[in-house]
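For reference, the structure discussed in these notes is given below.
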Amino acid sequence: MPDFVESLRDAVQVFENLQIHQQSLTQAAQWCVQALRGSGKLLLCGNGGSASQAQHLAGELMGRYKENRKALPAVALASDVAVLTCIANDYCFHEIFGRQIRGLGRPGDVLIVFTTSGNSPNVLEALRTAREMDIRSVAFLGKAGGEAKAVSDCPIVIGHGDTARIQEAHQFLMHCLMEQIETGVAG
């Protein structure tokens, strides 16, 4: 069982390496601001803890992060249980996000996915669907990025093997993204 100090050192090492993502994060923020200043929206998805991160970001966008401002259009695609179970039952589980993107997405929107493996079939289908529909995609990934790295427009890969460390880094980067979006929309 790893001890606290080991876990802390590991987390600090991951965070010290996040600077390499600054340019990608800035690009992602620019795309999001462009979509939100136009008539676009952000579509967000992931599985398990990554679904929670997508929901968290949707909450920050629709509510507020640090500043009082207008609500920003965002949809967490894992939030509606009736939709998820309908699509999974009538089609298959790997279609749960792609089908929603086909129904809700438009060119000018941005898809943001969270996946620690980069290989979740439903997230890969979401990315492929976004590409077919001319929707830009940002992918918060882990390990080596998996298949999602090649099918996302802006992959942000946390090159670590521990899901907890990957999700902690995703959370930090998500807050940095939110800060840039909030500043960009206000400007």
Side-chain angles (χ1 to χ4, degrees), residues 21 24-25 27-29 31-36 40-63 65 71-143 145-158 163-164 166-178 181:
H21 302 296
S24 296
L25 200 65
Q27 178 65 76
W31 289 347
C32 291
V33 168
Q34 184 180 17
L36 295 168
K41 67 189 145 314
L42 306 185
L43 301 168
L44 314 156
C45 68
N47 295 294
S50 295
S52 296
Q53 289 182 309
Q55 290 173 328
H56 181 158
L57 183 54
E60 303 281 25
L61 290 157
M62 292 293 288
Y65 178 59
L72 302 173
V75 180
L77 301 176
S79 296
D80 191 328
V81 175
V83 169
L84 293 176
T85 56
C86 172
I87 295 169
N89 184 61
D90 292 352
Y91 298 93
C92 60
F93 192 75
H94 80 265
E95 283 285 328
I96 62 171
F97 301 135
R99 188 156 179 87
Q100 289 183 76
I101 292 166
R102 282 191 279 291
L104 298 169
R106 301 288 176 266
D109 292 343
V110 176
L111 171 66
I112 301 175
V113 305
F114 295 87
T115 171
T116 59
S117 72
N119 292 316
S120 301
N122 55 7
V123 173
L124 291 170
E125 181 64 22
L127 289 165
R128 288 184 192 112
T129 301
R131 185 162 278 175
E132 289 168 13
M133 295 180 63
D134 200 27
I135 294 171
R136 289 180 170 150
S137 63
V138 177
F140 288 90
L141 309 169
K143 301 177 178 135
E147 290 181 50
K149 185 177 178 181
V151 292
S152 63
D153 299 317
C154 184
I156 299 171
V157 183
I158 307 305
T163 299
I166 295 165
Q167 289 178 331
E168 290 160 0
H170 285 175
Q171 183 83 7
F172 175 80
L173 292 171
M174 178 193 75
H175 282 143
C176 291
L177 176 67
M178 189 59 232
I181 290 171

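In this text the structure is predicted, and so the values were computed from the model without any measurement.
To the nearest 0.5 Å, atom CG of residue Leu57 and atom CD1 of residue Ile181 are 6.0 Å apart. Note: Gln27 CD to Ser24 OG = 8.0 Å, rounded to the nearest 0.5 Å. Remark: Leu77 CG to Gln55 CD distance equals 10.0 Å, nearest 0.5 Å. Distance CD/Glu60 to CE/Met174: 6.0 Å, rounded to 0.5 Å. Rounded to the nearest 0.5 Å, atoms CD1 (Ile101) and CD (Glu132) are 10.0 Å apart. Here Ser120 contributes atom OG and His94 contributes atom NE2; the two are 13.0 Å apart, rounded to the nearest 0.5 Å.
Between Cys32 and Ile112, some side-chain heavy-atom pair lies under the 4.5 Å cut-off. Under the 4.5 Å side-chain criterion, counting only non-hydrogen atoms from C-beta, Leu72 is not in contact with Leu42. Counting heavy atoms from C-beta outward, Leu177 and Val138 have side chains that stay 4.5 Å or more apart. Side-chain atoms of Leu111 and Thr129, non-hydrogen and from C-beta on, never get closer than 4.5 Å to each other.
Screening Val123, Val151, Leu43 against Val113 for a side-chain contact (heavy atoms from CB on, under 4.5 Å) leaves a single residue, Val123.
Pro155 approaches Leu141 most closely through the heavy-atom pair CB-CD1, 4.0 Å. The nearest pair of heavy atoms linking Phe97 to Ala126 is CB-CB, 3.8 Å. Across every non-hydrogen atom of Ile96 and Leu84, the tightest pair is CG2-O, 3.7 Å. A pairwise comparison of heavy atoms in Cys45 and Ala54 identifies N-CB, 3.8 Å as the closest pair. Here the closest heavy-atom approach between residue Leu36 and residue Leu61 is recorded as CD1-CD2, 4.4 Å. The shortest non-hydrogen separation linking Lys143 to Val157 is O-CG1, 3.4 Å.
No donor-acceptor pair closer than 3.5 Å links the side chain of Gln167 to the backbone N or O of Thr116. With hydrogens and angles ignored, the 3.5 Å screen pairs a side-chain donor or acceptor of Ser137 with a backbone N or O of Asp153.
Remark: Phe140 pairs with Phe114, His170 by the ring-ring contact (aromatic ring centres under 6.0 Å, His included) rule, at least two apart or across chains. Take His56 and apply the ring-ring contact (aromatic ring centres under 6.0 Å, His included) test, not counting sequence neighbours, and it matches His175. Residues meeting the salt bridge (charged side-chain N to carboxylate O under 4.0 Å, His left out) test with Arg128, sequence neighbours left out: Glu147. For the ring-ring contact (aromatic ring centres under 6.0 Å, His included) test, residues two or more places apart in sequence or in another chain that qualify with Phe172 are Phe15.
Sorted by first and then second residue, the salt bridge (charged side-chain N to carboxylate O under 4.0 Å, His left out) pairs with a member in residues 104-123 read Lys41-Asp109; sequence neighbours excluded. Here salt bridge (charged side-chain N to carboxylate O under 4.0 Å, His left out) pairs that include residues 80-99, with residues two or more places apart or in two chains, are Glu95-Arg102.
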(request) I would like to know whether Asn47 and Thr115 meet side-chain contact (heavy atoms from CB on, under 4.5 Å); could you show each step before the answer? (result) CA-CA 7 Å; Asn47 295 294; Thr115 171; 5.9 Å; no

